[in-house]
Q: 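So that we are looking at the same thing, I have put the structure below in structure tokens.
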Amino acid sequence: MSNELLYKRTNFYEVADEAEINAAYDYCEGYKTYLDECKTEREAVKYSIKLAEEKGYKPYSFGMPMKAGDKFYYNNRGRNLYLFRIGSEDINNGIRIVASHIDSPRLDFKQVPIYEEGGFCFAKTHYYGGVRKYQWVAMPLALHGTVAKKDGTTVDIKIGDEAGDPVFYINDLLPHLAKEQSAKPLGQAIPAESLNILLGSRPLNDTEESNKIKMNILTILNEKYGIVEEDFLSADIFVVPAANASDVGFDRSLISAYGHDDRVCAYPSLTALFESDASEHTLMVVLADKEEIGSEGNTGMQCALFTDIMGAITEAMGGNLYTVKANSKCLSSDVNACFDPNFASVYESMNAAKINCGITMSKYTGSGGKGGTNDAPAEYIAWIRKIYEENGVIWQTAELGKTDQGGGGTVAKYIAKHNIETVDLGVGVISMHAPYEVVAKADVYTAHKAFLAFNIA
Ligand code: MN
Ligand code: MN
């Protein structure tokens, strides 16, 4: 009886048998490939479309007819992707939505980036999202991006990740001369304007120009990509860590990679959708852009495209949009802070995500007195508890940290405001927003299980 009275978090390894542990590890091989293929939102859209097309998803444009069983994707400007599958039940019963984001904190090239100084050529950057600047210096970096030329063509740049590629670099100060820097607060030690990318040092000698090193880099860029300096005015060039995903630890139970936030939710949302063909519900997966800077713009979750697509589905299936929204359910799938014993003081242990204890639900996010959160209602959480119990999903609840320690938000509130039941559910991450973050394979696998149960329940 006492066991029934008490709530206890479940550790995956306490209940999973050898076959399920192997299934979790195997599942994460696909996830690691996804991480390596998708270091930017553009790459995530392209690769996710490839996976979806293999599962029979077809491109959708507004006005197309739909019928039960149809599987569509809508590519929004190459940076935001909607996937949806029409169910057999009445559309007025609502849509089951899993929404995650595919942008991650990084450094972006400025519009006029390239300069020469002190015998080197550098590129100026502007950081994107919640970057801790001191983490980005003195490590191998890669460049990923797209240059849009005046003639309407685009050139993709991806260099630094493959064996044999050169990498890029941000200089840091040697400890011998860092007395002043070391005394500064962490957030001020590396100013944003010192996050300059080392591009080269070799001068081009047969030029009249004074900037011989820069001229040499521009010559190489022109030969390799057919671009000139002015083309950077219309370019999205992102600086991301060069290394790919790796297992961590002798037991290989963890994965380190760039961009777990939030591909660790995006990938399971896709795999769960692809396994949900038998569901009677209409299902939607949103891979949003711009979450790290407030879900702004026409590829972010605040864009009206979200309700436009819901409206298009409703219209094609003969429903009423007000009814569909009122009856829809959403998992805002984004990462949470995993309890880290090295920094135990910022967590409130009873309400912190624990490693290997499954996907984490956050009833509320925000900061201070729940500022800026949709605070999911108890009734919706009770429904999720029931379906997870019925489907054997290992899950836990958590807040981001101690009350008043800080805070954060997700896309949840931008979905909930459309009169859609929404709660946050995602994987706990160690060193969130660092160039290399860590997650547990068991937790990634439970994310897949959790989204699958949501889709079919
Ligand atoms: Mn996130
Ligand atoms: Mn984030």
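Whatever order the structure lists them in is the order used to number ligands and atoms, beginning at 1. Treat the numbers as computed from the prediction; the structure is a model and nothing was measured.
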Q: Using only atom types and a distance under 3.5 Å, with no angle test, would you say the side chain of Arg96 pairs donor to acceptor with the backbone of Phe454?
A: yes
Q: Any chance you could lay out the ring pair (Phe, Tyr, Trp, His ring centres under 6.0 Å) test for Tyr82 and Tyr73, step after step, and finish with the verdict?
A: CA-CA 5 Å; Tyr82 284 80; Tyr73 66 83; over 10 Å; no
Q: Can the ring centroids of Phe62 and Tyr74 be said to lie less than 6.0 angstrom from one another?
A: yes
Q: Looking at the rings of Tyr47 and Tyr267, which for Trp means the six-membered one, are their centres under 6.0 Å apart?
A: no
Q: Side chains of Glu399 and Tyr364: donor-acceptor distance under 3.5 Å anywhere?
A: yes
Q: Closer than 2.8 Å to the Mn ion (ligand 1), which protein N, O or S atoms?
A: His101 NE2, Asp261 OD1, Asp334 OD1, Asp334 OD2
Q: Between Asp236 and Arg42, does at least one N-O distance fall below 4.0 Å, as a salt bridge requires?
A: yes
